[in-house]
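Here's the structure, in structure tokens; my notes come after.
A quick note: this is a predicted structure, and the numbers were derived from the prediction, not measured. Residue numbers begin at 1 in each chain, while the letters A, B, ... track the order of the sequences.
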There are 2 protein chains.
Amino acid sequence: MTNLTLKQLRYFEALARQGHFGRAADACAISQPALSMQIKELEETLGTELFERGPRQVRLTHFGEAFALRVRDILRAVDELGDLARASQHRLVGRLRIGVIPTIAPYLLPAIIGNLTRMHEGLEIHVRETLTSKLVQELADGRLDTAIVALPVSEPSLTEVALFSENFVLVRPGEDEGKPVPNREALREMRLLLLEEGHCFRDQALSFCNMHSALPRELLDGSSLSTLVQMVSAGIGVTLLPEMALGVETRSASVSVAHFQSVQPSRTIGMIWRKTSPLAKQFLQISDVVRQSADAMRDHRT
Amino acid sequence: MTNLTLKQLRYFEALARQGHFGRAADACAISQPALSMQIKELEETLGTELFERGPRQVRLTHFGEAFALRVRDILRAVDELGDLARASQHRLVGRLRIGVIPTIAPYLLPAIIGNLTRMHEGLEIHVRETLTSKLVQELADGRLDTAIVALPVSEPSLTEVALFSENFVLVRPGEDEGKPVPNREALREMRLLLLEEGHCFRDQALSFCNMHSALPRELLDGSSLSTLVQMVSAGIGVTLLPEMALGVETRSASVSVAHFQSVQPSRTIGMIWRKTSPLAKQFLQISDVVRQSADAMRDHRT
DNA sequence: ATTTGTCATAAGTCCACCTTATCGCGGCAA
DNA sequence: TTGCCGCGATAAGGTGGACTTATGACAAAT
């Protein structure tokens, strides 16, 4: 025996409502025999009569009534599937698992989360803050949807879009205020405090100084940019900060901030996601939000 | 765009569960391209991607996950439809609206209801007690499922099956005990107490006496057999009772009961239902229950 | 008795769906 | 790199199911 179909249930519902084959067929935009056949097939599939066909009227049997109640629930649920799909066309819905590197997260996330939840009501945002390599791995595993990292990542399976660039600034103890800004060569002679191994920002800073990672002698590892700034404030050394961290980290510390003159060190921050992800359009939307958030922060700081 | 089908939802569920087109196709007992096409069609219908097709694995999108939850509910509900039908195959289920004439109801119903509820657990019995004409009308209107009345009813649209026959007995005041039993002609000279117009039992009694209904002079109307017996007990007249009523009505009344000698008046009690009713088989089942109940009563009384 | 209304059945057409065969592509090993 | 392999998408063709119109059957109404 054939399985039952949604079509049959729809026809059944129409006939139960109309109590008349002809009118029900009209309502379904089919011919009366087509409806008759489908109803008959449905009854055979169930092994029970659903309607009592009298010459005067077509009436539901008892079982038909019980059946109709459940069928209506089912049809409503099915129609809601369509609504659900339509609703999630333009609006990002459900859970968004976003990864962010530690040298970005504290400064950018508050604004991003605020804007996203405001624009996409009902969006549940999970944040993962860790190193780029782990983010990439978790992205590939499907444990993350997207991540905000420093470009380039150069993973062939990932799409990357640029969000913004930010310069690095030199942070020195407060008493160094006004001293000439060292160039890269001079910097190499100073005690440069950087994050521990694995942070991309560390590599970027080293790269700017033309140093290789195999020079641990002159480096002290700090666990966060905030810690580094505190150490600088204590006169232990100097460090580099991405511009975005300036507002938060140097506000209440006795340090002096200096911009480099000729060659501005910088990095590009971008968003990445699996090339296969069907949420690409939504991610582009989100990237706009992030870009705007970052711009707003920059404007507000200057 | 075509509507979505249960088949698509079933395929979708299999693919969501297996995460692999080939295995899901096997599970559905179809070829892999067939499943691919149906999934594609489903996604097009919804306007959204349900799966993220990576070279490594096939994963649900967020929307796909939300979708799967609802789909599973729907499929479960649909499968329950089949169970519901199968469960109500042989067992009478739901509501049974049964009509009974007043000269039967008080005596037969307790036993019937007891037996029916015992045999068909979960059966909800509604009883309607009124005159045959109204029962027939309500039956035709679909407000009753079946009725127990005196045959024949001779409605072409109704099926009738005999349940049992019962004789009428003469009920006289207690002091008439032992007096010769009058024949029909003698009965016509006595003060015969009968039910009001419309009761079939009244017509049956009159018919036995060869009287026509247009003889109100010698008749007094009582509202129930019980009332009639009380009036007889008070010496107001005599009446006829169906045998079935004997036990209940004459137990605590000072009346004498006499059986007629030669020509036993009687009536046939039967069950009726719409010819179009698909519950015919169940009604036959019920009629057996009723028959047994009546026999048990008769045996118990003698 | 004829007509009307209503549902079931018949016959034929067409499209949806399934099949097998093949392509395209990314991953993997020599 | 090059060829192989696994897997999903695509192509082409066949079959059955579902729809159509036309007609039958039956009861009710006139």
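- For DNA chain D, the residues of residues 7-17 of chain A within the heavy-atom distance limit of 4.0 Å (strictly under) are Lys7(A), Tyr11(A), sorted by number.
- Side-chain atoms of Thr61(B) come within 3.5 Å of backbone N or O of Glu49(B) as a donor-acceptor pair.
- Of the residues in residues 21-36 of chain B, those lying under 4.0 Å from DNA chain D by heavy-atom distance are Phe21(B), Gly22(B), Gln32(B), Pro33(B), Ser36(B).
- Taking 4.5 Å as the limit, some side-chain heavy atom of Phe201(B) sits within range of a side-chain heavy atom of Arg267(B).
- We find that NZ of Lys275(B) is positioned 19 Å from C1' of dC7(C), with the value rounded to whole Å.
- Ion pair Glu43(A)/Arg53(A) flagged as a salt bridge, since at least one NZ, NE, NH1 or NH2 atom sits closer than 4.0 Å to an Asp/Glu carboxylate oxygen.
- Judged purely by distance below 3.5 Å, without hydrogens or angles, the side chains of Gln32(B) and Ser36(B) pair a donor atom with an acceptor atom.
- Going from atom CZ of Arg53(A) over to atom P of dA25(D) covers 19 Å, rounded to whole Å.
- Gln38(A) places its CD atom 11 Å from the P atom of dT20(D), with the value rounded to the nearest Å.
- Salt-bridge check for Arg76(A) with Asp73(A): passed, with a basic side-chain N closer than 4.0 Å to an acidic carboxylate O.
- Distance His20(A) NE2 to dA8(C) P: 11 Å, rounded to the nearest Å.
- Asp145(A) places no side-chain N or O within 3.5 Å of a backbone atom of Ile98(A) that could act as its donor or acceptor partner.
- With respect to Arg291(A) and Asp288(A), a salt bridge is recorded, a charged nitrogen being found less than 4.0 Å from a carboxylate O.
- The separation between Met37(B) atom CE and dA12(D) atom C1' is 11 Å, rounded to whole Å.
- The distance from atom CD of Glu41(B) to atom P of dA9(D) is 14 Å, rounded to the nearest whole Å.
- Remark: P of dG27(C) and CD of Glu155(A) are 11 Å apart, rounded to the nearest angstrom.
- If you measure from atom CZ of Phe51(B) to atom P of dC7(D), you get 17 Å, rounded to the nearest angstrom.
- In Arg17(A), the CZ atom is not crowded: 12 or fewer heavy atoms of neighbouring residues, nucleotides or ligands sit closer than 6.0 Å.
- A donor-acceptor pair is defined here as one N or O able to donate and one able to accept, closer than 3.5 Å; such a pair exists between the side chain of Glu160(A) and the backbone of Val153(A).
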